[in-house]
Amino acid sequence: MSYTAHPDRYADMPYRRSGRSGLKLPALSLGLWHNFGPDRSVETQRAILRRAFDLGVTHFDLANNYGPPPGAAESAFGEFLKGDLAPYRDEMIISTKAGYLMWPGPYGEWGSRKYLLSSLDQSLKRMGLDYVDIFYSHRPDPDTPLEETMGALHSAVQQGKALYVGVSNYSAEQTREAARILGELGTPLLIHQPRYSMLDRRPESGGLLDALDELQVGSIVFSPLEQGVLSSRYLNGIPEGSRAASDSPFLNSDALTEDLVAKLRALDEVAAERGQTLAQLALAWVLRGGRVTSALVGASSAQQIEDSVGALANLEFEDAELARIDKIVNG
């Protein structure tokens with residue numbers, strides 16, 4: 001069945017400029033981290049991508065190791081791109097990353113020039129692309145000089161294989177240094193991708209958001225729902241079939257303590273008073289005030305994309321609401 005994008009796809013989605021660049025990102029972006037492997041229905045994957053694009057989600061975020069297994073998400077996205085989305089390539093922002101283990105031996109992970117540029121070539125081949133819009137260093141490498149890692153990102157742009165570059169999981173200090181090196185090379189740092197949510201505020205406490213403000217670098221946050229914890233799924237304990245029930249390496253049942261569930265219920269009350277679900281509250285919270293350029297959401301169904309986009313109807317918070325949320329989380 002051929003696909004034609006919805007004619008009103010840009011009507012309601014807000015787009016935010018990334019730092020001081022010319023690039024705007026949708027307030028919500030789709031991450032293809034955990035629902036685009038061979039264990040998932042092809043029809044469901046296609047429906048998610050189509051619905052996202054129809055709702056103005058123009059940014060699709062991948063990495064070499066997304067799947068599972070590693071590489072599967074890029075391969076699947078490449079097939080959908082070829083079958084559905086190819087006519088819209090210039091309307092999309094497609095990103096990928098390299099940093100985690102992809103193949104055996106000393107050149108299959110971290111931040112060397114050898115690994116990063118080899119990985120990018122593999123990613124482009126899997127997706128059937130000539131270039132990605134954003135290429136990230138997925139994590140800092142303690143043993144490789146930052147000049148080498150940033151130099152490889154610069155080379156990716158010089159070779160026409162990436163339009164912009166970013167970093168992920170870097171500290172505030174590492175980000176400042178990365179931005180300095182890239183600036184001297186003439187390829188500015190576009191964006192940082194940190195983990196950030198109501199329950200994980202390290203980008204605030206560690207000074208990362210302050211550094212990004214000073215550097216005029218954009219941000220796109222992952223896990224704003226804390227692997228689904230900040231959703232209605234766990235308000236009454238751990239349901240069968242959930243990620244926590246499976247003791248996923250990313251969320252296990254031990255993490256869902258009685259204290260945490262009580263906090264989730266209290267946050268859900270705040271959400272209800274705002275006319276939002278808990279997940280919508282969590283997304284609105286990270287996007288509040290405009291410090292964050294975009295929030296990455298995953299989806300296991302097209303309906304989840306619709307629900308996430310619904311958060312954008314109310315991004316304003318009163319001071320009393322924010323204080324109440326802080327008291328719940330820190331209490």
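From a predicted model like this one, the values you see are computed outputs, not experimental measurements. For the numbers below, each heavy atom of this structure counts, side chains included, while hydrogens, waters and symmetry mates do not.
- For the residue pair R139 / N169, no side-chain donor-acceptor distance below 3.5 Å is found, with atom types taken as modelled.
- Cation-pi check for R274 over F317 is met; the charged atom lies under 6.0 angstrom from the ring centroid and within 45 degrees of its normal.
- Aromatic ring pairs are classed by plane angle as parallel below 30°, tilted from 30° to 60° and perpendicular above 60°; the pair Y100 and H138 is perpendicular.
- Closest approach of A284 and Q276 over heavy atoms only: CB-NE2, 4.0 Å.
- A cation-pi arrangement is present between R89 and Y131, with the terminal nitrogen or guanidinium carbon under 6.0 Å from the aromatic centre and inside a 45° cone about the axis.
- In terms of heavy atoms, P26 sits closest to T58 at CD-OG1, 3.4 Å.
- Look at R265 and E269 and you find no salt bridge, because none of the NZ, NE, NH1 or NH2 atoms lies under 4.0 Å from a carboxylate O.
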task = Apply side chain to side chain contact (heavy atoms under 4.5 Å, CB included) to the pair L189 and M150, showing each step before the final yes or no.
result = CA-CA 9 Å; L189 178 63; M150 294 304 108; 5.8 Å; no
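- In this structure the side chain of S197 never reaches within 4.5 angstrom of the side chain of W285, judged on heavy atoms.
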query = Going through the checks in order, is the side chain to side chain contact (heavy atoms under 4.5 Å, CB included) test met by S118 and W103?
reply = CA-CA 11 Å; S118 299; W103 60 86; 4.1 Å; yes
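- Side-chain atoms of T96 and M127, non-hydrogen and from C-beta on, do get closer than 4.5 Å to each other.
- Atom CG of D39 has more than 12 heavy atoms from other residues, nucleotides or ligands within 6.0 Å.
- At most 12 non-hydrogen atoms from other residues, nucleotides or ligands lie less than 6.0 angstrom from CD of E173.
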ask   = Run the side chain to side chain contact (heavy atoms under 4.5 Å, CB included) check on L312 and D12 step by step: do they pass?
value = CA-CA 9 Å; L312 304 177; D12 298 318; over 6 Å; no
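- One side chain, Y3 or D54, offers a donor N or O that lies under 3.5 Å from an acceptor on the other.
- Cluster annotation: F222 is not connected to F60 through the hydrophobic network of ILVMFWY side chains, with a link wherever side-chain heavy atoms come within less than 4.5 Å.
- Using a 4.5 Å heavy-atom cutoff, the side chains of D133 and L23 are not in contact.
- By the criterion of side-chain heavy atoms lying less than 4.5 angstrom apart, applied directly or through intervening Ile, Leu, Val, Met, Phe, Trp or Tyr residues, L315 is grouped together with L283 in one hydrophobic cluster.
- Residues R126 and N64 have side chains in contact (heavy-atom distance under 4.5 Å, counting atoms from C-beta outward).
- Listed for the Y107 side chain is no donor-acceptor partner under 3.5 Å among the backbone atoms of S112.
- Put simply, the side chain of I305 reaches to within 4.5 Å of the side chain of L30, judged on heavy atoms.
- Ring geometry for F53 against Y88 counts as tilted: the plane angle lies between 30° and 60°, on a 0 to 90° scale.
- Expressed to the nearest 0.5 Å, how far CG of L124 lies from NZ of K161 amounts to 7.0 Å.
- Residues E43 and S41 have side chains that bring a donor and an acceptor to within less than 3.5 angstrom of each other.
- Counted by atom type alone, D61 and S95 present one or more donor-acceptor pairs between their side chains at under 3.5 Å.
- Under the 4.5 Å side-chain criterion, counting only non-hydrogen atoms from C-beta, H192 is not in contact with L215.
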ask   = Can you list the steps and then say if S137 with Y170 is a side-chain hydrogen bond (donor to acceptor under 3.5 Å, both in side chains)?
value = CA-CA 9 Å; S137 167; Y170 279 52; 2.7 Å; yes
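- Between D121 and K125 there is no salt bridge, since no side-chain nitrogen of the basic residue lies less than 4.0 Å from a carboxylate oxygen of the acidic one.
- To the nearest 0.5 angstrom, I134 atom CD1 is 5.5 Å from L25 atom CG.
- Remark: the S29 side chain and the S294 side chain contain an N/O donor-acceptor pair separated by less than 3.5 Å.
- Using a cutoff of 4.0 Å between basic side-chain nitrogens and carboxylate oxygens, R180 and E177 are scored as salt-bridged.
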ask   = For L199 and L260, what are the C-alpha separation, side-chain angles and deciding distance, and is it a side chain to side chain contact (heavy atoms under 4.5 Å, CB included)?
value = CA-CA 10 Å; L199 300 179; L260 177 55; 4.0 Å; yes
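- Rounding to the nearest 0.5 Å gives a distance of 9.0 Å between OG of S18 and OH of Y164.
- Expressed to the nearest 0.5 Å, how far CG of L322 lies from CZ of R324 amounts to 12.0 Å.
- There is a side-chain donor-acceptor pair under 3.5 Å between S223 and Q227.
- A 4.5 Å side-chain heavy-atom check between T144 and Y115 finds every atom pair outside the cut-off.
- By the criterion of side-chain heavy atoms lying less than 4.5 angstrom apart, applied directly or through intervening Ile, Leu, Val, Met, Phe, Trp or Tyr residues, L225 is grouped together with L28 in one hydrophobic cluster.
- Closest heavy-atom contact between A271 and L281: CB-CB, 3.8 Å.
- Classification of the F36-F80 ring pair by plane angle, with boundaries at 30° and 60°, yields perpendicular.
- Across every non-hydrogen atom of V270 and I328, the tightest pair is CG2-CD1, 3.9 Å.
- Y136 is not connected to L146 by any chain of hydrophobic side-chain contacts under 4.5 Å among Ile, Leu, Val, Met, Phe, Trp and Tyr, and they are in different clusters.
- Heavy-atom neighbours of N330 CG from other residues, nucleotides or ligands within 6.0 Å: above the threshold of 12.
- Contact check for L190 versus V165: no side-chain heavy atoms found under the 4.5 Å cut-off.
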query = Yes or no on salt bridge (charged side-chain N to carboxylate O under 4.0 Å, His left out) for E204 and R291, after CA distance, side-chain angles and deciding distance?
reply = CA-CA 11 Å; E204 292 177 12; R291 289 190 91 184; over 6 Å; no
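- Linking ILVMFWY residues whenever their side-chain heavy atoms come closer than 4.5 Å, directly or via other members, places V297 and M198 in the same cluster.
- Of all heavy-atom pairs spanning G111 and T149, the tightest one is O-OG1, 2.7 Å.
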